[in-house]
Amino acid sequence: MAKAKTKKSKENFFNDVYEVVRLIPKGRVTSYGAIAAFLGMRSGARMVGWAMNASHSERNVPAHRVVNSQGLLTGRHHFETPGTMEKLLKREGVRIVRHQVADFKKLFWNPVTELGL
DNA sequence: GGTCTGACCGGCG
DNA sequence: ACGCCGGCCAGAC
């Protein structure tokens with residue numbers, strides 16, 4: 001069993017991403033890089049975004065709570081409408097200024113810290 | 001089966 | 001402060 005990980009792990013990857021995103025508390029946001037780091041991929045943030053793209057098929061995956069490290073709503077264009085993302089965030093009490101999360105540092109939810117890896 | 005892109009990040013000049 | 005570049009993994013053509 002030298003190589004226990006096979007194609008099965010890749011499926012788990014998407015699943016893991018969804019789980020972490022689902023764990024994001026209401027009114028909080030996190031970044032792609034944070035999730036990637038939590039999953040063990042320091043620079044795999046790109047793939048997290050790719051996973052989010054597939055998250056449209058999944059339910060209860062608040063992709064709108066996931067922004068880039070700048071706090072910018074980079075994925076807003078991939079929603080039903082470009083305004084859906086910030087609309088949902090505002091609805092949760094997150095203030096959005098110029099497509100960017102206000103007090104991003106305060107609202108930032110780090111899975112590694114919060115979940116205590 | 002090789003190549004390119006992708007909702008990113010961090011380092012370097 | 002800003003722009004450019006490589007890296008990382010997986011899916012689509």
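Computed from a predicted model, the values in this text were never measured in an experiment. So that the names make sense, note that chain A is the first sequence line, chain B the second, and so on, each numbered from 1. These numbers come from the heavy atoms of this one structure, side chains and all, not from hydrogens, waters or symmetry mates.
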Taking any heavy-atom pair under 4.0 Å as a contact, classify [X]: base, sugar-phosphate, or nothing.
X: A/Ala63; value: base
X: A/Asn53; value: base
X: A/His64; value: nothing

Return the value, rounded to whole Å, for the distance between atom [atom1] of [X] and atom [atom2] of [N].
X: A/Trp50; N: C/dC9; atom1: CH2; atom2: C1'; value: 11 Å
X: A/Gln70; N: C/dC2; atom1: CD; atom2: C1'; value: 12 Å
X: A/Phe79; N: B/dA7; atom1: CZ; atom2: C1'; value: 9 Å
X: A/Asn15; N: C/dC9; atom1: CG; atom2: C1'; value: 17 Å
X: A/Ile35; N: B/dC8; atom1: CD1; atom2: C1'; value: 11 Å
X: A/Met41; N: B/dG6; atom1: CE; atom2: C1'; value: 14 Å
X: A/Met52; N: B/dC9; atom1: CE; atom2: P; value: 13 Å
X: A/His77; N: B/dG6; atom1: NE2; atom2: C1'; value: 16 Å

Check if the side chain of A/Arg46 and the base of C/dG7 share a donor-acceptor pair of N or O atoms closer than 3.5 Å.
yes

CZ/A/Arg42: more than 12 non-hydrogen atoms of other groups inside 6.0 Å
no

If you check every side-chain atom of [X], which of [options] has the closest atom?
X: A/His56; options: C/dG7, B/dA7, B/dC9; answer: B/dA7
X: A/Asn68; options: C/dG11, C/dG7, B/dC9; answer: B/dC9
X: A/Ser31; options: B/dC9, C/dC8, C/dA10; answer: B/dC9

So which nucleotide does B/dC9 pair with, by the Watson-Crick or G-U wobble rule with both distances under 3.5 Å?
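Paired with C/dG6.
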
Using side-chain heavy atoms (C-beta onward) and a distance below 4.5 Å, is A/Asn110 in contact with A/Thr30?
no

Can you confirm whether A/Thr74 sits close enough to A/Tyr32 that some side-chain heavy atom of one is under 4.5 Å from a side-chain heavy atom of the other?
yes

Pair A/Glu92 + A/Arg28: basic N to acidic O under 4.0 Å:
no

Please determine if a side-chain N or O atom of A/Thr74 lies less than 4.0 Å away from the OP1 or OP2 oxygen of B/dC8.
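Result: yes.
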
Side-chain N or O of A/Ser69 versus OP1/OP2 of B/dC9: is the shortest distance under 4.0 Å?
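It does, given that an N or O in the side chain of A/Ser69 lies less than 4.0 Å from OP1 or OP2 of B/dC9.
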
Which is more 5' along DNA chain B, the nucleotide nearest A/Arg42 or the one nearest A/Tyr32? Just name the residue.
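Going by which nucleotide is closer to the 5' end, it is A/Tyr32.
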
Apply the test side chain to side chain donor-acceptor pair (under 3.5 Å) to residues A/His64 and A/Glu86: give CA-CA distance (whole Å), side-chain angles for both, the deciding distance (0.1 Å), then the verdict.
CA-CA 7 Å; A/His64 60 275; A/Glu86 63 179 86; over 6 Å; no

